[in-house]
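Reading through the structure tokens given below for one structure.
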Amino acid sequence: MTEGAEIGGREVDAGRGVVALEGMNKNEIAERLEEIGTLLELQGENPFKTRAYQSGARALEAMDADEFAARMAAGTLGELKGFGEALVDKVGKLHATGRLEFYDKLRAQIPDGVIALLEVPGLGPKKIKALREQLGVESPEALGEACRAGRVAELAGFGEKTQVKILEGLANRAAYGKRHRWWDARAVAEPIVEGLRGLAQVRRAEAAGSLRRNLETVGDLDFIVAARAEDAAAVTEWFCALPEVKEVTARGGTKASVRFASGLQADLRIVPEEQFAFALHHFTGSKDHNVAMRQRALARGLSLSEWGLVPDAGEGTAKEKAERGLSLRAESEAELFAHLGLAFVPPELREGLGEIEVAETAAGGGVALPRLVELADLRGAFHNHTTESDGKASLLEMRAAATALGWEYLGIADHSKSSVQARGLDEARLASQVAAIRAANAAGGGAWLFAGTECDILPDGRLDFDDGVLATLDYVVASVHSAFTQSEDEMTARIVRAVEHPRVTMLGHATGRLLLRREAYKVDLARVIDAAIANRVIIELNAHPSRLDLDWRLWRRAAERRLMCALNPDAHNTAGLRHVEAGVRVARKGWLTAENVLNTRDRAGVERWWSERR
DNA sequence: GCCGTTTTCGGCCCGACTGTTTTCAGTCG
């Protein structure tokens with residue numbers, strides 16, 4: 001294998017000493033396009049060109065694997081908006097061979113350290129270019145040295161303050177650069193929103209950004225407040241004085257930015273009440289959604305911004321026009337959408353993945369936007385643990401907690417014997433747990449208990465219990481808890497074998513990922529989803545804040561193909577049942593309705609669905 | 001790099017803030 005060949009695709013030994021090139025799959029190609037976008041950005045390329053690669057990457061990420069395969073086979077990728085001649089050519093080469101000379105050459109010009117420089121706050125492509133060309137800085141370490149030597153401040157366009165800010169950014173990079181789980185970000189944001197609403201000067205307040213869009217991880221918090229201009233200073237003062245604020249990083253007339261001790265950053269923006277709906281929409285994003293909305297506005301002779309929706313024609317900026325009272329009025333986001341001929345798009349759907357097209361037909365009386373599943377639709381959940389395995393609450397404590405939530409039923413699925421680390425149950429302990437569950441149901445006094453198991457899928461795809469044992473249960477959750485490092489083919493075959501087992505009711509946490517901590521194991525999810533649909537097996541949407549697995553990006557298409565979802569908290573204590581709050585939000589993000597989620601059905605409906613499978 | 005009811009070139013969404021400047025470039029969202 002030559003050195004040059006290692007840069008591009010993956011080389012595999014096809015036998016007899018012949019080395020063949022292996023093509024890339026859809027997600028690998030998406031990652032490569034994203035990387036090309038970043039590299040072009042660092043080269044100071046036209047920003048619109050870099051965006052073309054990045055939006056191509058996102059389109060592939062959101063695309064169903066089957067659709068991608070079909071389009072590659074039929075050569076119809078170019079029919080999609082955003083895929084022109086150049087991208088179709090590059091995607092085709094990566095798909096066929098895994099190699100792309102264009103990328104190899106680009107990559108060879110830019111060291112890893114330079115890519116890392118983009119993570120330093122305040123550094124963009126232009127400043128990095130100047131640092132490379134004038135100081136030879138090509139890594140965060142070299143940048144730190146140059147700052148300490150005072151050489152950065154001497155560059156044109158840089159200064160003392162920039163140099164200090166870069167040093168701080170380098171020091172904080174590890175701690176503050178990362179994203180945060182949605183669950184943790186919400187815990188910080190909710191009291192702040194309540195606090196803002198409690199201020200006499202504040203008319204309206206909301207958290208916007210990726211938190212409001214229910215993305216599984218959140219980069220920073222955005223708070224939008226409606227207040228009179230003369231009251232803005234008092235609101236800003238309150239915000240910057242919050243006890244958890246460690247540092248105020250920016251402070252202007254209508255905006256303040258702070259950093260909390262946890263590393264989470266937060267922006268506050270104060271707008272006049274008549275601009276609130278526009279500002280809330282703008283700062284909720286996503287960026288792709290906003291771009292599409294603005295383009296739609298322009299096509300109607302209007303200009304959309306956080307300031308309002310003003311006529312595109314005439315003198316002055318959109319802001320000036322809004323201040324002259326030229327904006328259309330919108331008391332709510334729904335009215336904003338209506339001005340553009342659209343039905344209201346829930347925040348979690350605003351990812352620039354076709355929601356505007358659907359909202360248009362919905363407004364026109366055609367296909368309606370779905371009524372997304374809501375927390376109140378849930379009547380129970382199936383994947384929960386007790387003190388019998390690695391839970392912290394007893395069977396009856398868990399039932400009491402479920403009853404308190406208003407749930408009609410609760411499924412108990414403790415670990416099976418191979419999960420020794422989790423005190424998994426053997427056949428005898430499982431039998432006595434089942435007896436305890438039947439007895440509790442006979443005694444009554446709370447939510448109905450379903451007897452299940454979270455049965456390990458062994459490395460070869462067999463289950464951890466015999467069929468006879470499984471037959472004593474109401475349902476079976478099958479999950480992978482071992483041998484995470486198998487090859488994609490092995491893992492896929494392993495999971496598909498379990499899904500094809502007649503006693504398996506649902507597949508637990510399909511990829512094993514732990515957000516911000518552990519990557520998913522390698523598995524061909526398209527084949528797993530196909531097998532689940534073919535065998536009428538449910539796939540779980542594990543609602544644990546660190547999992548949210550299966551990923552929301554895959555649910556829309558899978559549900560259209562009649563894949564049934566079970567929204568499970570994977571609770572290990574009574575408080576853990578509330579994880580469904582995170583799960584419902586991610587399910588909504590995957591366009592799921594109550595009909596797509598089994599645990600919105602009543603007990604009889606659940607039992608009927610299970611019996612029909614057998 | 002993409003795109004077209006201003007169509008094959010010349011645009012491409014819009015504004016705030018910072019720091020370095022003295023009218024603006026760069027970064028960020």
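Below, chains carry the letters A, B, ... as their sequence lines are ordered, and counting in each starts from 1.
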(request) With sequence neighbours left out, write down each residue that passes ring-ring contact (aromatic ring centres under 6.0 Å, His included) with A/Phe68, or none if nothing qualifies. (result) A/His95

(request) Can you spot which of A/His289, A/Glu306, A/Glu333 makes a side chain to side chain donor-acceptor pair (under 3.5 Å) with A/His281? (result) A/His289

(request) Among B/dG1, B/dA16, B/dG26, find the nucleotide with the atom closest to the side chain of A/Lys126. (result) B/dG26

(message) Using the C1' atom as the point on both nucleotides, what is the distance between B/dT23 and B/dC17, in whole Å?
(response) 16 Å

(request) Consider the side chain of A/Gln295, meaning its heavy atoms from C-beta on, and name the nucleotide among B/dC2, B/dC17, B/dC12 that approaches it most closely. (result) B/dC12

(message) Given B/dC17, B/dG1, B/dG29, identify the nucleotide with an atom nearest to the side chain of A/Asp220.
(response) B/dG29

(request) Nearest whole angstrom, please: distance from the C1' of B/dC28 to the CD1 of A/Ile166. (result) 15 Å

(request) Describe the nucleic acid contact of A/Pro47 in one word from base, sugar-phosphate, nothing, applying a heavy-atom distance below 4.0 Å. (result) nothing

(message) Check this for me: does the side-chain of A/Asp267 come within 3.5 Å of the base of B/dG29 through a donor and an acceptor?
(response) no

(request) Output yes when A/Glu351 and A/Arg553 qualify as a salt bridge under the 4.0 Å nitrogen-oxygen rule, no when they do not. (result) no

(request) Give one of base, sugar-phosphate or nothing for A/Ser55, where a contact means two heavy atoms less than 4.0 Å apart. (result) nothing

For nucleotides 6-9 of chain B, list the nitrogen or oxygen atoms of the protein found under 3.5 Å from its nitrogen or oxygen atoms, one pair per line.
none

(request) Whole angstrom is fine here: how far is it from CE in A/Met293 over to P in B/dC14? (result) 13 Å

(request) Tell me whether the guanidinium CZ or amine NZ of A/Lys127 lies under 6.0 angstrom from the six-membered ring centre of A/Phe158 and within 45° of its axis. (result) yes

(request) Look at all strands and tell whether A/Leu40 reaches a base, only sugar-phosphate, or nothing, counting heavy atoms closer than 4.0 Å. (result) nothing

(message) When you measure from the side-chain N and O atoms of A/Ser305 to the phosphate of B/dA16, is any distance below 4.0 Å, counting only OP1 and OP2?
(response) no

(request) Determine the Euclidean distance between corresponding P atoms of B/dT5 and B/dG1; express it in Å to zero decimal places. (result) 23 Å

(message) Rounding to an integer number of Å, can you tell me how far A/Arg51 CZ sits from B/dG29 P?
(response) 16 Å

(request) Using the P atom as the reference point in each nucleotide, state the distance between B/dA25 and B/dT20 in Å, no decimals. (result) 16 Å

(request) Would you indicate, yes or no, if B/dG1 has its OP1 or OP2 atom less than 4.0 angstrom from a side-chain nitrogen or oxygen of A/Lys90? (result) yes

(message) Can you check the distance between B/dA16 and B/dT21, where both ends of the measurement are the P atom (answer in whole Å)?
(response) 24 Å

(message) Is there a side-chain contact between A/Thr162 and the phosphate of B/dT18, meaning an N or O under 4.0 Å from OP1 or OP2?
(response) no

(message) Less than 4.5 Å apart, side chain to side chain, heavy atoms only: is that true for A/Trp591 and A/Val358?
(response) yes

(request) Answer yes or no: is there an ion pair linking A/Glu237 with A/Arg251, defined by an N-O contact shorter than 4.0 Å? (result) yes

(request) Answer yes when A/Arg557 and A/Asp66 have at least one side-chain N-carboxylate O distance shorter than 4.0 Å, and no when they do not. (result) no

(request) Compare the minimum distances between each of B/dT27, B/dC2, B/dC12 and the side chain of A/Asn46, then state the nucleotide with the smallest one. (result) B/dC12

(message) I want to confirm an ordering. Mapping A/Ala86 and A/His282 to their closest nucleotides on DNA chain B, which one lands closer to the 5' end?
(response) A/Ala86

(request) Taking only the side-chain heavy atoms of A/Trp307 (C-beta and beyond), determine which of B/dT18, B/dG1, B/dA16 contains the nearest atom. (result) B/dA16

(message) Considering every strand and a 4.0 Å limit on heavy-atom distances, what is the contact class for A/Arg296: base, sugar-phosphate, or nothing?
(response) nothing

(request) Can you tell me, in whole Å, how much space there is between the P of B/dT8 and that of B/dC3? (result) 16 Å

(message) I'd like to know if A/Lys161 reaches the base of B/dG19 with its side chain such that a donor and an acceptor end up less than 3.5 angstrom apart.
(response) no

(message) Donor-acceptor check, side chain of A/Glu31 to backbone of A/Glu28, threshold 3.5 angstrom: yes or no?
(response) no

(message) Rounding to an integer number of angstrom, what distance separates B/dT7 and B/dG11 when you compare their P atoms?
(response) 13 Å

(message) Measuring only the C1' atom in each nucleotide, how far is B/dT18 from B/dT22? A whole number of Å is fine.
(response) 15 Å

(request) Whole angstrom is fine here: how far is it from CG in A/Leu298 over to P in B/dG4? (result) 15 Å

(request) May I ask you to establish whether A/Arg203 and A/Phe276 are in a cation-pi arrangement, using a distance under 6.0 Å from NZ or CZ to the six-membered ring centre and at most 45° from the ring axis? (result) no

(message) Does B/dC17 have its OP1 or OP2 closer than 4.0 Å to a side-chain nitrogen or oxygen of A/Ser257?
(response) no

(request) Nearest whole angstrom, please: distance from the C1' of B/dT27 to the CG of A/Leu118. (result) 11 Å

(message) Output the rounded distance in Å from CD1 (A/Ile224) to C1' (B/dG29).
(response) 11 Å

(message) Judged by each residue's nearest nucleotide on DNA chain B, which is more toward the 5′ side, A/Glu85 or A/Ala318?
(response) A/Glu85

(request) Mind telling me whether A/Phe102 and A/Tyr53 have parallel, tilted or perpendicular rings, with 30° and 60° as the class edges? (result) parallel

(request) Give the rounded distance in Å between these two atoms: CD of A/Glu306 and C1' of B/dG15. (result) 5 Å

(request) Among B/dA16, B/dG1, B/dC14, find the nucleotide with the atom closest to the side chain of A/Ala52. (result) B/dG1

(request) Could you state the atom-to-atom distance from CD of A/Glu41 to P of B/dG1 in whole Å? (result) 15 Å

(request) May I ask you to say what A/Phe283 touches in the nucleic acid, namely base, sugar-phosphate or nothing, with a heavy-atom cut-off under 4.0 Å? (result) nothing

(request) Using the side chain to side chain contact (heavy atoms under 4.5 Å, CB included) rule, pick out the option among A/Lys90, A/Arg107, A/Met24 that qualifies with A/Arg32. (result) A/Met24

(message) I want to verify a distance call: between B/dC17, B/dG29, B/dC3, whose nearest atom is closest to the A/Lys81 side chain?
(response) B/dC3

(message) Side chain of A/Lys127 only, heavy atoms from C-beta on: which candidate in B/dG1, B/dA16, B/dG26 is closest?
(response) B/dG26

(request) Ignoring the backbone of A/Lys319, work out which of B/dG29, B/dG1, B/dA16 is nearest its side chain. (result) B/dA16

(request) Under a 3.5 Å limit for both distances, which nucleotide forms a Watson-Crick or G-U wobble pair with B/dT8, could you say? (result) none

